[in-house]
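I have placed the structure first, in the form of structure tokens, so that the comments after it can refer back to it.
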Amino acid sequence: YGPCIIFLLLVILIFVNKSPATPSTMNNSVAGDIPTLKQNVPEFALSAESFTSVFVSKNGEEKILIEKEKNKELPIASITKLMTALVASEQYKVEDIVTISKGSLLVKGVSGVYREGDSFLFSDTLRAMLIASHNELANALAEKIGANTFVDLMNKKSLGLGLLNTGFVNPIGTDPD
């Protein structure tokens, strides 16, 4: 499903970013009743660097639809937290308690919402980390087995999923200093 979802997101992106057909961008057709888009309107151009390729897999075959600098390394920032969530889900039970430590509050980009000693159910911690992208929660989740071991598991998981050009250096997605 992954390739199909990426394709759908690209299609949505293309249609959402095109100028909508509004009365100011429409002309009446020769028939008078059927609106048509104005002529000479600039064509939509994809300018994002955030994708490298899009493909659709059908019957086990892959077809490249579009590529832009496919070998360029790009930071993935908070998307890292998706892998953090996946690995953490293999380490915790839903009812486990996650406690915010002093160390988890020392990471870049803390929200300021939590204090040392705050405790939450794993399910609530996971939800808050994914929705609000709180770095201290991602770090707190990794502390159960140690940040280095956790990041090693993230990298092994990404290789297992076929993400051969993906590498993680921490569970929060900030660039290393």
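Note that the numbering runs from 1 along the sequence shown for the chain. Just the heavy atoms: all of them, side chains too, but no hydrogens, waters or symmetry mates, feed the values below.
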Are Leu121 and Ile97 close enough, and set up right, to give a side-chain contact (heavy atoms from CB on, under 4.5 Å), and what steps lead you there?
CA-CA 5 Å; Leu121 288 172; Ile97 301 296; 3.8 Å; yes
Between Leu130 and Leu82, is a side-chain contact (heavy atoms from CB on, under 4.5 Å) present by the stated rule, with each step listed?
CA-CA 7 Å; Leu130 289 171; Leu82 296 174; 4.0 Å; yes
Look up atom CG in Asn155 and atom CG in Leu163, then write down how far apart they are to the nearest 0.5 Å.
10.5 Å
If only side-chain N and O atoms count, and only distance matters, is there a donor-acceptor pair under 3.5 Å linking Ser119 with Thr99?
yes
Does some side-chain heavy atom of Leu141 sit less than 4.5 Å from a side-chain heavy atom of Phe122?
yes
Which distance, rounded to the nearest 0.5 Å, do you find between the OG1 of Thr84 and the CD of Gln91?
12.0 Å
Salt bridge (charged side-chain N to carboxylate O under 4.0 Å, His left out) partners of residues 75-98, not counting sequence neighbours, each pair once
Glu90-Lys157, Asp96-Lys144
Members besides Ile172 in its Ile/Leu/Val/Met/Phe/Trp/Tyr cluster (side-chain heavy atoms under 4.5 Å)
Val107, Val110
Sequence neighbours excluded, which residues qualify as salt bridge (Lys or Arg N to Asp or Glu O under 4.0 Å) partners of Asp124?
Arg127
Could you walk me through whether Leu105 and Ile100 pass side-chain contact (heavy atoms from CB on, under 4.5 Å), step by step?
CA-CA 7 Å; Leu105 295 171; Ile100 306 300; 3.6 Å; yes
To the nearest 0.5 Å, what is the distance between CG on Asn170 and NZ on Lys108?
8.0 Å
For Ile79, is the CD1 atom crowded, meaning more than 12 foreign heavy atoms sit under 6.0 Å from it?
no
Just how far is it from atom CG of Leu106 to atom CG of Asn139, taken to the nearest 0.5 Å?
8.5 Å
When rounded to the nearest 0.5 Å, the distance separating CE of Met154 from OG1 of Thr80 is 5.5 Å
What salt bridge (charged side-chain N to carboxylate O under 4.0 Å, His left out) pairs are there with at least one residue in residues 131-143, not counting sequence neighbours?
none
Closest approach of Ala140 and Ser104, non-hydrogen atoms and distance?
N-CB, 3.8 Å
Would you sort out whether Val113 and Asp118 count as a side-chain contact (heavy atoms from CB on, under 4.5 Å), showing the intermediate values?
CA-CA 10 Å; Val113 174; Asp118 286 349; over 6 Å; no
Tell me, please, which residues at least two apart from Ser89 pass side chain to side chain donor-acceptor pair (under 3.5 Å).
none
About how many Å separate CD1 of Ile131 and CG of Leu137, when rounded to the nearest 0.5 Å?
11.5 Å
Which residues pass the ring-ring contact (aromatic ring centres under 6.0 Å, His included) test with Tyr114, sequence neighbours left out?
Phe120, His134
Linked, directly or transitively: Leu161 and Phe168 (ILVMFWY side chains, under 4.5 Å):
yes
Do Ser111 and Asn135 have side-chain heavy atoms sitting under 4.5 Å apart?
no
Within the 4.5 Å heavy-atom criterion, are Thr125 and Tyr92 side-chain neighbours or not?
no
